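In this text, all values refer to a predicted model and were calculated from it rather than measured experimentally.
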Amino acid sequence: MAHRQLQEPTRLVLTALADAPRHGYAIVQEILTITGGRTKMLTGTLYTALDRLLQQGLVRIDHEEVVAGRLRRSFALTEQGRQTLAGETERLRAGVAEAERRLALGSVRPALRTNAGTA
């Protein structure tokens, strides 16, 4: 079954939730870990993505608690979310395999020579 390509914020949120439920701040921290500190997801981006993923049935609210007078929700992947992430992982893996295959072919071919500039 073909899966449509996920946008990076969506892929990162799903990946952050793949091994355990997390609340918003923990998701942001996990994304920093996943990306080696290269991606800091802004709160607005995170909650926009989470709202969309909830509507799409890819994540669910795992539990809610009040911490320091504020509601804290923890999110978890649904089975559909897990399948979507697995499909995206396979799509990326296939793309990397093809790039590696072509790079290997390029390293064994003689370099193309052009006659530009010769009279």
Minimum-distance pair of heavy atoms, taken over all atoms of [X] and [Y]:
{"X": "Phe75", "Y": "Leu17", "result": "O-CD2, 3.3 Å"}
{"X": "Glu64", "Y": "Leu71", "result": "CB-CD1, 3.8 Å"}
{"X": "Val59", "Y": "Thr78", "result": "C-CG2, 3.6 Å"}
{"X": "Thr39", "Y": "Glu8", "result": "OG1-OE2, 4.4 Å"}
{"X": "Gly81", "Y": "Leu14", "result": "O-CD1, 4.4 Å"}

Using only atom types and a distance under 3.5 Å, with no angle test, would you say the side chain of [X] pairs donor to acceptor with the backbone of [Y]?
{"X": "Arg22", "Y": "Ala16", "value": "yes"}
{"X": "Arg82", "Y": "Ala18", "value": "yes"}
{"X": "Thr45", "Y": "Met41", "value": "no"}
{"X": "Ser74", "Y": "Asp62", "value": "no"}

Would you indicate whether Glu65, at its atom CD, is surrounded by more than 12 heavy atoms from other residues, nucleotides or ligands within a distance under 6.0 Å?
->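 Yes.
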More than 12 heavy atoms from other groups under 6.0 Å of CZ on Arg101 |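 It does: Arg101 CZ has more than 12 such atoms within range.
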Separation between [atom1] of [X] and [atom2] of [Y], rounded to the nearest 0.5 Å:
{"X": "Glu30", "Y": "Thr35", "atom1": "CD", "atom2": "OG1", "value": "10.0 Å"}
{"X": "Thr84", "Y": "Leu58", "atom1": "OG1", "atom2": "CG", "value": "4.5 Å"}
{"X": "Lys40", "Y": "Leu42", "atom1": "NZ", "atom2": "CG", "value": "6.5 Å"}

Decide side-chain contact (heavy atoms from CB on, under 4.5 Å) for His23 and Arg73; before the verdict, give the C-alpha distance in whole Å, the side-chain angles of both, and the deciding distance to 0.1 Å.
-> CA-CA 6 Å; His23 57 79; Arg73 287 184 174 160; over 6 Å; no
Does Leu50 belong to the same Ile/Leu/Val/Met/Phe/Trp/Tyr cluster as Tyr25, with side-chain heavy atoms less than 4.5 Å apart forming each link?
->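 The answer is no; the residues belong to distinct hydrophobic clusters.
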Single-linkage hydrophobic cluster, 4.5 Å side-chain cutoff, Leu32 and Leu12 together =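 Per the 4.5 Å side-chain linkage, Leu32 and Leu12 are not co-clustered.
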Just wondering, do [Y] and [X] contact through their side chains at under 4.5 Å, heavy atoms?
{"X": "Thr43", "Y": "Val28", "answer": "no"}
{"X": "Leu92", "Y": "Arg11", "answer": "yes"}
{"X": "Arg91", "Y": "Leu6", "answer": "no"}

Residues that Arg38 engages under side chain to side chain donor-acceptor pair (under 3.5 Å), provided they are two or more places apart |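 So Arg38 forms no side chain to side chain donor-acceptor pair (under 3.5 Å) with any residue.
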